[in-house]
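Take a look at the structure set out below.
If you're wondering where the values come from, they're calculated on a predicted model, not measured in any experiment. Convention: sequence-line order gives letters A, B, ...; per-chain numbering from 1.
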Amino acid sequence: MKYDFKQVEPKWQKKWEEAEAFRAVDNSPKPKYYTLVEFPYPSGAGMHVGHIKAYSGLEVVSRKRRMQGYNVLFPIGFDAYGLPTENYAIKTGMHPRAVTDRNIEKFTSQLKRVGFSFDWSRVVDTTEEDYYRWTQWIFLKMFEKGLVFRDTALVNYCPSCKVVLSNEDSQGGKCDICHSDIVQKSKAVWYLRITEYADKLLQGLDEVDYLPNVKQQQINWIGKSTGAFVNFSLKEIDEKLRIYTTRPDTLFGVTFMVIAPEHPIIEANRDRIANIDALDAYKEECAKKTEFERTQLVKDKTGVRIEGLTAVNPVSGKEIPIYISDYVMMGYGTGAIMAVPAHDERDWAFAKKFGIDIVEVIKGGDIAAGAYTGDGEMVNSGFLNGLTNKKDSIARMIEHLTEQGIGEMGVQYKMKDWAFNRQRYWGEPIPIVHCPACGIVPVPYNELPLKLPNVKNFEPGEGGESPLAKIDSFVNCKCPKCGGDAKRETDTMPQWAGSSWYFLRYIDPHNNEAFADREKLNYWLPVDWYNGGMEHVTRHMIYSRFWHKFLYDLGEVPVSEPYAKRTAQGLILGPDGEKMSKSKGNVVDPNDVVDVFGADVLRTYVLFMGDYGSAAPWNESSMKGCKRFLERIADLTDLVSGSGVTPKLESAIHKTVKKVSLDIEEMKFNTAIASMMALLNEIYDVGSITKEELMTLVRLICPFAPHLAEELWENLGGEGLCSLAAWPEWDEAKTVDSTVEVAVQINGKLRATIQLPFNAPKEEAIAAAKADAKIAPLVEGKTVIKEISIPNKIINIVVK
RNA sequence: GCGGGUAUGGCGGAAUUGGCAGACGCGAUGGAUUUAGGAUCCAUUGGGAAUCCGUGCAGGUUCAAGUCCUGUUACCCGUACCA
């Protein structure tokens with residue numbers, strides 16, 4: 001059959017749309033299946049082939065599920081708030097709304113050209129009022145429950161984008177958007193108390209089926225550690241200096257303390273500190289250092305001793321000095337540490353530089369040469385002396401601290417609270433009012449959505465305030481509580497807000513009464529299978545699990561974990577093996593591929609190019625192989641003859657059905673396609689195929705190349721749409737051949753292969769092997785030491 | 001530094017989990033067809049002076065190792081003074 005994709009592909013896309021073939025039905029009697037892919041950020045550049053790979057995996061799974069009789073929800077939408085759009089708007093003078101609409105249109109047409117089986121009736125756009133109304137609603141619920149707070153703190157600030165960034169958005173000290181160096185700035189910002197959910201986020205991982213490395217990254221990100229808080233007395237004042245340590249057992253080895261330069265105890269005791277000027281100077285110096293400089297100077301410790309404050313070691317009673325140094329962070333623990341130079345590398349380096357005593361408390365190392373961080377017997381440690389087990393000595397010390405009332409067991413997390421605002425225009429307005437009389441007042445629920453005003457100028461302010469601050473009609477309002485004059489919060493939410501709950505809105509995207517109907521949530525949740533990029537494992541995934549768990553605690557959703565299963569696709573690299581990027585000019589546009597090769601070839605190729613989870617370079621000539629493959633399938637119509645079965649092909653077809661069915665479940669799409677290619681080669685060898693057999697193959701290829709499949713299905717007289725036909729079943733008994741080829745080894749070296757009946761008994765198999773013309777002379781006259789027979793696979797005869 | 005991963009032909013990658021290494025595809029070579037190119041079809045394609053050697057390197061376990069164990073090297077990803 002001559003196959004013209006340019007005519008066939010639009011034809012079937014239209015038919016699917018007319019038939020509403022991929023509509024998910026709420027509360028259907030069929031079993032449900034919810035497949036989710038990460039919705040795209042609609043950038044001006046349009047999609048690239050990486051998007052196609054990201055969606056093709058679950059596209060195949062979704063199509064297979066439908067054919068298996070499931071009621072499938074496979075939605076798509078757009079995560080459209082964000083800086084690139086706003087920056088583009090500033091540059092061109094276009095309104096972000098117009099830019100977004102244009103980009104969404106472009107993405108939509110690209111997605112439709114590829115023939116993805118999304119339910120287009122459920123598209124969500126995070127920037128629409130109907131959507132962000134509920135983003136604001138969830139925010140207010142969090143506010144109500146005390147999970148939103150405002151604090152003046154050192155924040156990550158990008159001087160180029162002029163925004164405050166979350167910890168997650170400034171990994172490595174670089175702005176996630178423009179890659180400039182981040183500076184630390186003191187600012188009043190909004191936080192979501194995600195740390196309150198740290199333990200739940202950690203424990204929830206036990207209930208879900210995520211890839212092991214996905215789980216591991218989340219565990220590391222949460223970064224739970226257990227240890228103890230200890231309150232050190234100060235000699236000069238009646239105040240305690242509280243520290244956190246994971247090694248309370250080394251307390252006898254503490255010879256000094258270090259606090260962060262920003263630690264409040266300094267401000268509180270300015271009068272008492274003799275060298276306050278030196279401390280101020282040091283603090284200022286640290287603030288100027290970029291994250292990059294800080295990490296570069298890791299080995300070289302700096303600091304200043306506080307003159308006028310002295311601590312007392314609570315177990316040895318010795319007086320010890322206190323220093324400030326930037327190797328202690330205000331953001332972790334209590335911003336103060338007890339230093340044990342004998343057994344901590346950083347403390348050791350600091351002690352050496354400042355000439356502080358180093359006291360060994362764990363035997364086993366040479367503390368003159370460096371810190372000893374291994375295990376060993378406790379020494380110089382009073383009641384701990386002689387203990388050799390770390391766990392025991394830690395437990396014993398915590399017991400002591402608790403009895404004496406100077407400390408207690410404690411838990412810390414690396415994860416920090418989520419800095420939840422941006423000083424930018426293109427985001428969800430934060431629904432809060434600042435009232436001179438009442439303070440911080442939430443916008444009442446019935447006033448949602450708090451609309452983003454339509455303005456002409458989106459330039460951020462120089463002082464780091466939002467463009468909204470310049471819109472008087474937005475800023476000035478009445479206090480919802482007292483009715484007096486008040487001002488609105490002018491910051492907007494960060495990009496990650498809208499994507500934190502989008503999978504819930506897909507379930508009921510047009511609901512005006514609630515973010516989603518409870519019955520529908522009960523039916524569809526959880527997401528059965530979520531696929532996306534590894535880059536979102538620590539941010540988007542943690543955030544959205546947090547929001548979902550919050551809604552669960554509120555009783556708004558029926559399950560505590562949103563995603564039952566999570567997988568990740570690998571990148572598509574440019575033809576040069578480098579990561580695709582506009583600047584390198586190695587980006588492949590899916591439209592160009594569809595123009596030349598067609599959508600089916602593109603879909604098949606992105607899944608065939610290699611292991612789905614690994615990165616693989618784009619190779620156009622390799623894609624030709626997929627083109628040939630699909631054309632050769634179309635040509636099979638010329639080989640159709642007779643009915644019943646082609647005996648030679650029967651088991652090959654059953655094997656392929658099994659292989660393809662199982663491989664799809666494991667995302668081994670490359671081998672699934674390879675097995676269909678192998679079957680195709682076999683069919684051409686045989687030279688004929690029955691209509692029924694071909695229709696089986698057509699249904700197998702349908703999730704990968706649905707346009708071709710539909711055309712062939714129609715041509716062969718198939719009923720209805722191939723996309724909704726039943727997925728082929730295999731008969732296990734027919735996947736085995738009556739005779740099998742068995743390898744025969746002598747002393748582990750391959751010497752012959754013989755044909756044996758399937759499951760031939762061991763004795764029979766070995767006798768047949770020995771009788772083989774190539775084997776007989778090698779065994780004759782030798783002593784047989786051992787005979788191994790692995791049924792249907794291999795025989796090994798050991799001779800001497 | 002720490003955590004995770006990878007290493008197989010000229011290339012992308014397979015290998016039912018310890019059982020014939022190199023499936024499938026690309027590329028290449030030869031042939032057919034074609035005025036020519038392209039496309040298509042057929043054959044060959046890990047190396048080799050040939051019962052041998054081959055899965056980053058060095059050992060080990062086993063009848064049998066790409067797969068398991070010990071050591072080692074290189075690269076990739078994440079994270080980073082986390083007390």
Side-chain angles (χ1 to χ4, degrees), chain A residues 171-173 211-217 219-221 223-225 227 243-247 250 257-258 291 294-295 297-301 325-329 331-340 344-347 349-350 412-416 534-535 537-538 570-571 573 577 604-605 608-611 613-629 631-632 635 658-659 662 668 670-681 684 741-753 774 778 785-799:
Chain A
Q171 296 182 20
L211 289 179
N213 52 339
V214 170
K215 262 190 201 182
Q216 195 56 50
Q217 268 193 40
I219 290 168
N220 292 347
W221 186 258
K224 181 175 181 169
S225 79
I243 61 97
Y244 174 74
T245 178
T246 53
R247 296 299 304 269
T250 60
M257 301 185 77
V258 186
E291 202 72 33
R294 278 200 177 196
T295 50
L297 298 169
V298 147
K299 297 281 170 257
D300 188 28
K301 296 282 177 283
S325 173
D326 63 358
Y327 85 89
V328 173
M329 310 288 150
Y332 183 77
T334 62
I337 63 156
M338 61 178 220
V340 188
D344 181 287
E345 279 163 30
R346 293 153 302 173
D347 298 346
F350 194 89
Q412 281 293 301
Y413 302 92
K414 287 186 195 175
M415 186 170 71
K416 293 174 190 164
M534 281 307 292
E535 69 275 18
V537 161
T538 47
L571 291 175
L573 305 173
T604 308
Y605 174 61
F608 180 66
M609 58 195 299
D611 173 54
S614 310
W618 186 261
N619 181 336
E620 186 166 315
S621 63
S622 191
M623 187 161 53
K624 283 185 199 157
C626 291
K627 181 173 189 276
R628 285 186 198 131
F629 166 56
E631 282 169 355
R632 271 156 58 88
D635 289 339
K658 179 180 179 179
K659 174 90 179 140
L662 298 179
K668 290 162 77 172
N670 53 338
T671 51
I673 294 165
S675 72
M676 288 187 280
M677 288 173 168
L679 174 64
L680 184 67
N681 291 341
Y684 274 96
E741 195 183 61
V742 173
V744 184
Q745 297 181 337
I746 301 294
N747 293 341
K749 305 266 184 199
L750 180 70
R751 288 292 177 255
T753 57
K774 283 188 196 142
L778 295 166
I785 295 171
K786 205 167 183 181
E787 292 167 332
I788 295 113
S789 171
I790 305 297
N792 308 320
K793 288 211 171 118
I794 203 161
I795 291 166
N796 191 8
I797 302 172
V798 186
V799 299

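Neither side chain, A/N619 nor A/S622, offers a donor N or O lying under 3.5 Å from an acceptor on the other.
Closest to the side chain of A/T753, out of B/C53, B/C20, B/C82, is B/C20. Nearest to the side chain of A/K414, among B/A83, B/C82, B/C81, sits B/C82. Nearest to the side-chain atoms of A/T246 among the listed nucleotides B/C24, B/C81, B/A83 stands B/A83. The side chain of A/Q216 has B/G3 as its nearest neighbour among B/G3, B/C82, B/C63. Nearest nucleotide to the A/N213 side chain, out of B/U51, B/G4, B/C81: B/G4.
Separation of the C1' atoms belonging to B/G10 and B/U29 is 13 Å when rounded to the nearest angstrom. Between the C1' atoms of B/A15 and B/A64, the separation comes to 16 Å (whole Å). Only the C1' atoms considered, B/U51 is 23 Å distant from B/U45, to the nearest whole Å. Using atom C1' as the reference point in both B/C20 and B/C57, the two lie 26 Å apart (nearest Å). Comparing B/G3 with B/C82, their C1' atoms are spaced 14 Å from each other, to the whole Å. Taking the P atoms as reference points, B/G71 lies 29 Å from B/A21, given to the whole Å. On the P atoms, B/G56 is 10 Å away from B/G66, given to the nearest whole Å. If you take atom C1' in B/A23 and the same atom in B/C68, they sit 24 Å apart, rounded to whole Å.
Between A/Y332 and B/A83 there is a side-chain N or O to OP1 or OP2 distance below 4.0 Å. OP1 or OP2 of B/U40 sits under 4.0 Å from a side-chain N or O of A/R628. Note on A/R632: a side-chain N or O is less than 4.0 Å away from OP1 or OP2 of B/C41. A sub-4.0 Å separation between OP1 or OP2 of B/C52 and a side-chain N or O of A/R751 is present.
For B/U17, the base adopts the syn conformation, since its glycosidic angle falls within 90 degrees of zero. Glycosidic torsion of B/G30 falls outside 90° of 0, placing the base in anti.
A/M257 places a side-chain heavy atom less than 4.5 Å from the side chain of A/I243.
Taking atom CD on A/E631 and atom P on B/U40, their separation rounds to 7 Å, with Å as the unit. B/C77 atom C1' lies 13 Å from atom CG of A/N220, rounded to whole Å. Atom CZ in A/F350 sits about 14 Å away from atom C1' in B/A83, given to the nearest Å. B/G25 atom P lies 13 Å from atom CE of A/M676, rounded to whole Å. Rounded to whole angstrom, the span from the CD1 atom of A/I785 across to the P atom of B/A64 amounts to 11 Å.
Nearest heavy-atom pair, A/I788 versus A/V798, reported as atom, atom and distance to 0.1 Å: CD1-CG2, 4.4 Å. Of all the heavy atoms in A/G577 and A/P617, the pair that sits closest is CA-CB, 4.3 Å.
In this structure, A/I790 CD1 and A/N792 CG are separated by 10.5 Å, a value rounded to the nearest 0.5 Å.
The residue A/E345 sits apart from the nucleic acid: no heavy atom pair falls under 4.0 Å. Residue contacts shown for A/N681 are limited to sugar-phosphate atoms, with no base heavy atom under 4.0 Å away.
Although no hydrogens or angles enter the test, the distance criterion places no donor-acceptor pair under 3.5 Å between the side chain of A/Y327 and the main chain of A/F350.
Across all strands shown, B/G5 is found opposite B/C75 as a Watson-Crick or G-U wobble partner, with both distances under 3.5 Å.
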Please write out the pairs of protein N or O atoms and N or O atoms of nucleotides 12-19 of chain B separated by less than 3.5 Å, giving the distance to one decimal.
unit_1 : atom_1 : unit_2 : atom_2 : d
B/G12  : O2'    : A/M609 : O      : 2.4
B/G13  : OP1    : A/A615 : O      : 3.2
B/A14  : OP1    : A/N670 : ND2    : 3.2
B/A15  : OP1    : A/K668 : NZ     : 3.4

